[in-house]
Amino acid sequence: MTTTAAFGTLPSKDLLTIAQLGTGDIETIFDAAAALKAGRSEHNALLKGKRLAMIFEKDSLRTRFTFDVGMQDLGGSAVFMDHRDVRLGSRESLKDMARNLERWVHGIVARTFKHRALEELAANCSIPVINGLSDYLHPCQALSDVFTLTEKWGDVRGRRLVYVGDGNNTCHSLVHVAARLGAHMTVCSPEGYEPNARVISEAMLMARESGSDIRILNDPEAAVRDADAVYTDVWASMGQEDEIEERSSIFNDYRVDEEMMAWAKPDALFMHCLPAHRGQEVTAPVIDGPNSIVYDIAENRLHVQKAVLVLLMRDKDA
Ligand code: CP
Ligand code: NVA
């Protein structure tokens with residue numbers, strides 16, 4: 001019989017942003033993820049009888065499957081509510097939605113257009129709310145990204161991650177995790193597409209404690225020069241479809257191709273949250289090449305999110 005006490009605890013009810021987590025909390029998640037990854041069968045009743053509501057305003061493959069399969073692995077269940085045709089808050093207030101859901105389920109994962117919608121759900125219920133991606137942040141992705149790097153390197157401290165492209169939700173959470181854990185972080189975006197100023201100032205504060213060096217640049221060659229890993233994401237995120245054409249020309253020099261990877265350190269890893277557009281933000285030889293770890297990251301979404309589910313949803317004294 002496995003108890004969950006060994007997994008430790010997280011300080012907050014919800015996981016909306018990495019900024020809610022300290023360095024030790026991220027280590028707690030990584031330790032639990034590694035344990036869950038190593039011993040699936042002994043953990044298959046950790047969330048027995050627990051139900052997760054999944055509310056998605058946008059498409060998803062990885063986040064939807066990994067949370068659903070993760071709940072099943074842990075002995076619980078998940079109910080998916082497709083909100084792609086109806087914006088959250090339009091049929092009834094988010095407050096009422098939260099107050100209903102907490103009577104039926106033990107946790108919520110939501111993928112929303114507005115980050116504020118997640119905050120409103122979380123503020124109005126006693127059950128955990130997990131950010132499955134908002135317009136602002138993608139914390140579960142970033143935890144899985146850096147967990148995968150710890151598997152490859154042992155420790156990310158002092159390594160340099162270089163994110164090339166749009167300063168978006170994926171980028172913001174990656175900057176947060178890197179800054180918390182003492183990895184150096186460079187973001188290289190076209191002018192006007194740099195990461196959010198609040199994220200950068202939060203990261204700068206974290207970096208003072210962790211020793212992370214954070215740089216925001218516009219020149220890809222200068223940025224990628226000392227990269228241990230190069231990360232990119234789509235040029236137009238979900239909800240920005242009408243900007244695709246304009247962004248394609250603005251981001252043209254920010255495509256991660258073999259020439260760009262050659263500027264990085266030898267054996268630099270390639271990372272992407274997926275879905276990817278081959279020929280746009282990354283070329284096929286790079287994403288399908290030997291240094292790409294995109295499917296390892298996708299696999300780890302399952303293990304890391306199972307850790308988050310256990311840490312937030314189990315009975316804390318079990
Ligand atoms: N990376 C990621 O979140 O993938 P999905 O959009 O498919 O969930
Ligand atoms: N930045 C992308 C990430 C998808 C996982 C988007 O928001 O569409």
Side-chain angles (χ1 to χ4, degrees), residues 15-18 33 52 54-71 78 80-84 87-88 108-118 130-149 163-177 187-190 193-196 199 229 231-244 246-248 250-251 254-256 270-278 280-282 287 292-306 308-309:
L15 176 56
L16 303 186
T17 167
I18 300 293
L52 178 73
M54 302 174 62
I55 303 168
F56 281 49
E57 284 189 307
K58 306 177 189 177
D59 288 341
S60 172
L61 175 72
R62 280 147 291 273
T63 308
R64 179 176 176 173
F65 265 85
T66 49
F67 271 108
D68 195 336
V69 170
M71 282 303 288
F80 184 76
M81 187 169 168
D82 192 344
H83 243 276
R84 279 174 297 184
R87 285 293 169 99
L88 281 172
I108 300 172
V109 54
R111 170 166 285 199
T112 61
F113 280 98
K114 297 263 165 265
H115 189 73
R116 181 77 202 120
L118 284 167
I130 299 170
N131 181 351
L133 178 141
S134 67
D135 57 349
Y136 182 44
L137 298 171
H138 198 2
C140 295
Q141 178 68 50
L143 289 169
S144 308
D145 293 330
V146 177
F147 176 74
T148 308
L149 291 177
Y163 177 98
V164 181
D166 187 25
N168 62 15
N169 41 14
T170 301
C171 170
H172 292 158
S173 290
L174 186 71
V175 169
H176 275 151
V177 180
V187 179
C188 180
S189 311
Y193 294 87
E194 293 93 347
N196 178 283
V199 169
Y231 199 122
T232 194
D233 184 14
V234 292
W235 291 339
S237 285
M238 290 181 278
Q240 298 172 330
E241 287 78 6
D242 55 348
E243 296 175 37
I244 286 175
E246 183 193 359
R247 283 170 175 254
S248 290
I250 294 170
F251 282 83
Y254 293 78
R255 178 175 300 107
V256 180
F270 173 74
M271 305 171 73
H272 193 305
C273 59
L274 305 177
H277 301 94
R278 287 167 175 76
Q280 290 184 37
E281 75 273 7
V282 60
I287 192 167
S292 170
I293 59 167
V294 297
Y295 304 115
D296 296 331
I297 298 169
E299 182 196 332
N300 282 333
R301 293 290 303 277
L302 175 65
H303 309 300
V304 168
Q305 288 162 196
K306 279 169 69 177
V308 170
L309 289 168

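Below, each value reflects all heavy atoms present in this structure, side chains not excepted, and no hydrogens, waters or symmetry copies. Order of listing sets the numbers, starting from 1, for every ligand and every atom in it.
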Asker: Heavy-atom pairs closer than 4.0 Å: do any link ligand 1 to the side chain of Gln141, the backbone, both, or neither?
Answerer: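 The side chain, only.
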
Asker: Can you find a side-chain donor-acceptor pair between Glu281 and Thr232 that sits under 3.5 Å?
Answerer: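 Per modelled atom types, Glu281 and Thr232 side chains form no pair under 3.5 Å.
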
Asker: Please compare His272, His138, Arg62, Met238 and report which has the shortest non-hydrogen distance to atom 3 (O) of ligand 1.
Answerer: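 When every heavy atom of His272, His138, Arg62, Met238 is considered, His138 comes closest to atom 3 (O) of ligand 1.
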
Asker: Less than 4.5 Å apart, side chain to side chain, heavy atoms only: is that true for His176 and Leu137?
Answerer: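 Answer yes - side chains close enough.
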
Asker: Is the NZ or CZ atom of Arg64 positioned over Phe80's six-membered ring, under 6.0 angstrom from the centre and within 45° of the axis?
Answerer: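 Checked: cation-pi criterion met.
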
Asker: Does the residue Lys58 have a heavy-atom contact with ligand 1, meaning some pair of atoms that are separated by less than 4.0 Å?
Answerer: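 Lys58 does not count as a contact of ligand 1 under the 4.0 Å cut-off.
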
Asker: Just need the protein heavy atom nearest to atom 7 (O) of ligand 2, so name the residue and atom and give the distance.
Answerer: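 Here the closest protein heavy atom is Asn169 ND2, 2.8 Å.
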
Asker: Identify the protein heavy atom lying closest to atom 4 (C) of ligand 2, giving its residue, its atom name and the separation to 0.1 Å.
Answerer: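 So the nearest neighbour among protein heavy atoms is Leu133 CD1, 3.8 Å.
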
Asker: Does Leu274 have a non-hydrogen atom less than 4.0 Å from ligand 1?
Answerer: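 Under 4.0 Å: yes for Leu274.
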
Asker: Give yes or no for whether the N/O distance cutoff of 3.5 Å, strictly under, is met between Pro275 and ligand 1.
Answerer: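 Pro275 vs ligand 1: no N/O contact under 3.5 Å.
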
Asker: Are Ile130 and Leu118 side-chain neighbours, meaning at least one heavy-atom pair lies under 4.5 Å?
Answerer: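 No. Closest side-chain heavy atoms not under 4.5 Å.
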
Asker: Record the part of Asp135 in heavy-atom contact with ligand 2 below 4.0 Å; permitted values are side chain, backbone, both and neither.
Answerer: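 No part of Asp135 is near ligand 2 at this cut-off.
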
Asker: Could you check whether any side-chain heavy atom of Met271 comes within less than 4.5 Å of a side-chain heavy atom of Leu149, counting everything from C-beta outward?
Answerer: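 Counting from C-beta outward, Met271 and Leu149 do come under 4.5 Å.
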
Asker: Can you confirm, on distance only, whether ligand 1 has an N/O atom lying under 3.5 Å from any N/O atom belonging to Arg64?
Answerer: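 N/O-N/O distance below 3.5 Å does not exist for this pair.
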
Asker: Between Tyr254 and Tyr193, is the ring centre distance below 6.0 Å?
Answerer: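 Distance test on ring centres: not under 6.0 Å, no.
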
Asker: Please state which protein non-hydrogen atom is closest to atom 3 (C) of ligand 2 and give its distance, to 0.1 Å?
Answerer: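 Going by distance alone, atom 3 (C) of ligand 2 is nearest to Asp233 OD2, 3.6 Å.
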
